[in-house]
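Here's the structure, in structure tokens; my notes come after.
Keep in mind that the numbers below use all heavy atoms, side chains included, and drop hydrogens, waters and symmetry copies. Order of the sequence lines fixes the chain letters, A, B, ..., with proteins taken first and strands second; residue numbering starts at 1 for each chain. These numbers come from a predicted model, not from an experiment.
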There are 2 protein chains.
Amino acid sequence: MSDPRPPARRAPTMRDVSRLAGVSPMTVSRTLADPGLVSQETRARVLAAVEQLGYVPDRGAGGLSSRRTGFVALIVPSLINPNFADTATGLTAAMRPRGYQPLIGVTGYSVAEEEVVLRAMLSRRPDAIVVSGMHRSQAARDLLARAGVPVVEIWDRPETPIDRAVGFSNYAVGRLAARTLVARGATRIAGLGPERTGEARDFRGEERLRGLRDGLREAGLADDLILHHGRVAGAFAHGAEAMTALIERGGAEAVFLVSDISVFGALMECRRRSIRVPQDVQLLGFGDFEIGRQCVPRISTIAVDPVEIGRRTGDLLIRLLDGEEGGAAIIDLGIRLLLRETTRA
Amino acid sequence: MSDPRPPARRAPTMRDVSRLAGVSPMTVSRTLADPGLVSQETRARVLAAVEQLGYVPDRGAGGLSSRRTGFVALIVPSLINPNFADTATGLTAAMRPRGYQPLIGVTGYSVAEEEVVLRAMLSRRPDAIVVSGMHRSQAARDLLARAGVPVVEIWDRPETPIDRAVGFSNYAVGRLAARTLVARGATRIAGLGPERTGEARDFRGEERLRGLRDGLREAGLADDLILHHGRVAGAFAHGAEAMTALIERGGAEAVFLVSDISVFGALMECRRRSIRVPQDVQLLGFGDFEIGRQCVPRISTIAVDPVEIGRRTGDLLIRLLDGEEGGAAIIDLGIRLLLRETTRA
DNA sequence: GCTTGCTTTGGTATCGGTACCATGCTTCCT
DNA sequence: AGGAAGCATGGTACCGATACCAAAGCAAGC
């Protein structure tokens with residue numbers, strides 16, 4: 001394995017800086033870690049040397065020594081889902097100013113991949129781990145529990161969190177959906193979500209439909225229109241296909257879909273078939289995606305704030321990593337009903 | 001700074017594994033790095049010990065020693081833009097099987113943030129750096145050029161790449177847009193993109209409009225309808241607002257917008273105003289976003305394959321990091337015209 | 001039988017930082 | 001004046017892996 005590139009003079013080290021500034025490496029380390037510990041004069045000399053050499057500390061080496069890497073593992077099912085991209089953005093915003101670097105792992109909704117990704121994260125010795133919907137594999141649960149660092153489960157409200165949780169109850173979303181549609185006079189109410197078999201599953205989506213089912217039963221309504229259909233990925237297509245399947249089974253007065261993306265797909269299917277929304281059928285989604293705010297008609301939805309989930313998780317972790325108490329084990333950010341134009345008054 | 005959590009028995013080290021297996025740490029290292037180097041019997045004993053202890057190697061320590069961290073820095077303007085999320089997914093898919101871990105940095109389209117993020121990445125000593133539209137700050141350029149590792153610029157076709165480039169010509173996109181709309185009989189052709197001032201700029205979008213302008217001039221048409229309007233973020237809203245501005249200036253026969261997301265926003269604005277697409281106005285976008293394939297009417301667009309950009313970049317880097325020649329400095333993946341329903345035949 | 005060479009294993013130094021303790025010097029107090 | 005206390009700095013031993021070299025064991029070749 002010969003390297004064809006020019007030998008690339010090695011990056012300067014703390015030793016180089018210390019020589020140039022005429023101090024010991026230890027003093028350079030202090031200057032960078034906590035400038036208040038060195039005299040003003042020394043600090044100036046060190047910083048000038050850092051500048052002149054273009055020195056960038058090697059945090060890998062620092063982490064090895066201090067046993068704090070500054071990494072925060074973030075494991076999500078998908079980055080293409082804007083909800084998780086938003087959460088990643090919120091987490092980054094909260095933690096980067098304190099020097100933490102998110103390490104993003106994507107599982108593709110696959111239970112098998114979960115463990116592979118988690119292992120890759122653990123090999124980087126993160127200071128904290130944030131996971132979304134990872135509690136299905138026992139091996140993964142064990143790895144997490146034994147990691148010896150704070151673990152936060154997000155986008156969920158587990159009965160018994162491994163450590164902490166920041167999110168909301170997906171089950172409650174489904175129940176609220178049922179209540180909302182019942183209150184709007186619908187009696188034949190459908191629920192559309194992805195199928196529940198195979199390697200890749202959307203457990204949170206299933207949880208919402210479970211809430212819907214219980215809500216409908218409680219209202220004395222039938223729950224025979226809760227359909228599981230198609231793959232979790234490509235959610236746009238899912239909405240259109242699921243709507244088609246529903247129509248073939250006779251349709252419904254109101255439909256709850258597991259995400260706004262799916263609602264959009266269903267909406268387009270309705271347009272193609274000249275079915276009027278909300279006059280002929282009411283649609284209710286989940287997630288308050290940007291697309292639902294922009295399309296015509298605007299999508300009624302049950303909202304959570306994905307950026308806030310990331311931000312609150314970041315704040316919690318900063319506190320925990322500073323050695324403070326983090327407060328409650330479970331932070332429930334709640335859900336919000338946004339009635340717009342795909343439901344009737 | 002007292003730590004309230006239980007002392008968390010430290011993760012097992014290679015030393016622990018070696019003791020349990022009755023071999024030297026060096027043999028454990030070899031077993032894990034290249035199993036063919038040790039005898040079958042030894043390998044079995046070592047792997048059993050690894051399994052029993054739940055040992056996960058510390059790649060931070062390994063990287064310090066081997067001077068290969070296995071990190072690939074990926075710097076993008078935004079993760080919320082599905083194009084970049086797709087590229088990240090493609091890059092991950094190509095490189096993770098070889099043990100590389102992407103390190104994602106997000107600049108928020110901000111030139112100032114670029115350098116901060118780049119510095120954070122460099123402190124992790126990545127084996128390669130992938131950047132998207134980072135060539136605007138001289139300090140950042142210098143840092144990249146002196147990093148001593150392969151650098152790939154993506155989503156662009158720079159005149160003089162820092163090292164390598166994988167992408168396509170945004171300028172060519174604009175010219176193709178002009179040609180396409182001219183060929184469809186339009187004479188009053190507009191171009192809508194975000195404003196060109198302020199800290200956060202979408203340079204690639206501007207480049208597309210520059211191509212459009214030149215294309216229009218070449219066809220002998222006016223270019224006075226090329227409007228820069230609103231912020232780059234929140235592209236849905238951008239499309240609607242820009243379309244409104246255009247209509248207030250008298251409208252156009254055909255409009256090129258810098259992304260399909262913007263086209264969607266414009267399309268919704270047209271629906272609100274009962275302007276028919278494509279009968280009253282033709283719309284052409286860029287990016288072939290999922291939403292453009294699903295909405296009604298389906299959006300005509302100039303497509304690139306974002307996942308492919310990531311994948312090809314990953315393949316190139318694997319070759320370079322294996323010490324092979326990488327081939328051409330610039331890989332142009334080309335663009336594809338997809339005529340759908342927002343343009344006329 | 002002894003050299004040669006291959007396979008398999010081990011020992012030691014080192015990667016670039018930080019933790020921890022030691023030291024020299026000043027300042028302040030009794 | 002003597003000693004305690006505090007500030008600024010330096011020295012040394014690691015953190016947990018891998019590179020590199022050495023060496024043991026064994027088979028093959030002459």
Discussion item. As a test of understanding, state which of L320(B), I330(B), I331(B), V151(B) forms a side-chain contact (heavy atoms from CB on, under 4.5 Å) with R164(B).
Written reply: L320(B)
Worksheet, complete the sentence: In whole angstroms, the gap separating P of dG10(D) from CZ of R19(A) amounts to 14 Å
Discussion item. What verdict does the salt bridge (charged side-chain N to carboxylate O under 4.0 Å, His left out) test give for E114(A) and R141(A), after you've listed the backbone C-alpha separation in whole Å, the side-chain angles of each residue and the deciding distance to 0.1 Å?
Written reply: CA-CA 10 Å; E114(A) 270 181 17; R141(A) 265 190 96 91; over 6 Å; no
Worksheet item: Can a donor-acceptor pair be found between the side chains of T92(A) and T89(A) at a distance below 3.5 Å?
Response: no
Worksheet entry | Mutual orientation of the aromatic rings belonging to F84(B) and W155(B) [parallel < 30°, tilted 30-60°, perpendicular > 60°] | perpendicular
Item to complete: Round to the nearest Å and state the distance from D34(A) atom CG to dT9(D) atom P.
Response: 13 Å
Discussion item. Could you check whether any side-chain heavy atom of R204(A) comes within less than 4.5 Å of a side-chain heavy atom of D156(A), counting everything from C-beta outward?
Written reply: yes
Discussion item. Any heavy-atom pair between the side chains of V72(B) and D127(B) that's under 4.5 Å?
Written reply: no
Worksheet entry | Between P of dC20(D) and CG of L37(B), the distance in whole Å | 14 Å
Worksheet item: Could you run down nucleotides 11-18 of chain D 5' to 3' and tag each one B, S or - for protein heavy-atom contact under 4.0 Å?
Response: B---BBBB
Worksheet item: Can you check salt bridge (charged side-chain N to carboxylate O under 4.0 Å, His left out) on R98(B) and D322(B), steps first, answer last?
Response: CA-CA 11 Å; R98(B) 289 292 302 273; D322(B) 280 352; 2.9 Å; yes
Worksheet entry | Closest non-hydrogen atom pair between A128(A) and L321(A), with its separation | CB-CD1, 4.5 Å
Worksheet item: Can you tell me if the side-chain N/O atoms of T42(A) get under 4.0 Å from OP1 or OP2 in dT9(D)?
Response: yes
Discussion item. Using five base pairs at each end to define the local axes, how bent is the helix from dG1(C)-dC30(D) to dT30(C)-dA1(D), to the nearest 10°?
Written reply: 50°
Worksheet entry | Euclidean distance, atom CG of residue L32(A) to atom C1' of dG16(C) [Å, nearest integer] | 13 Å
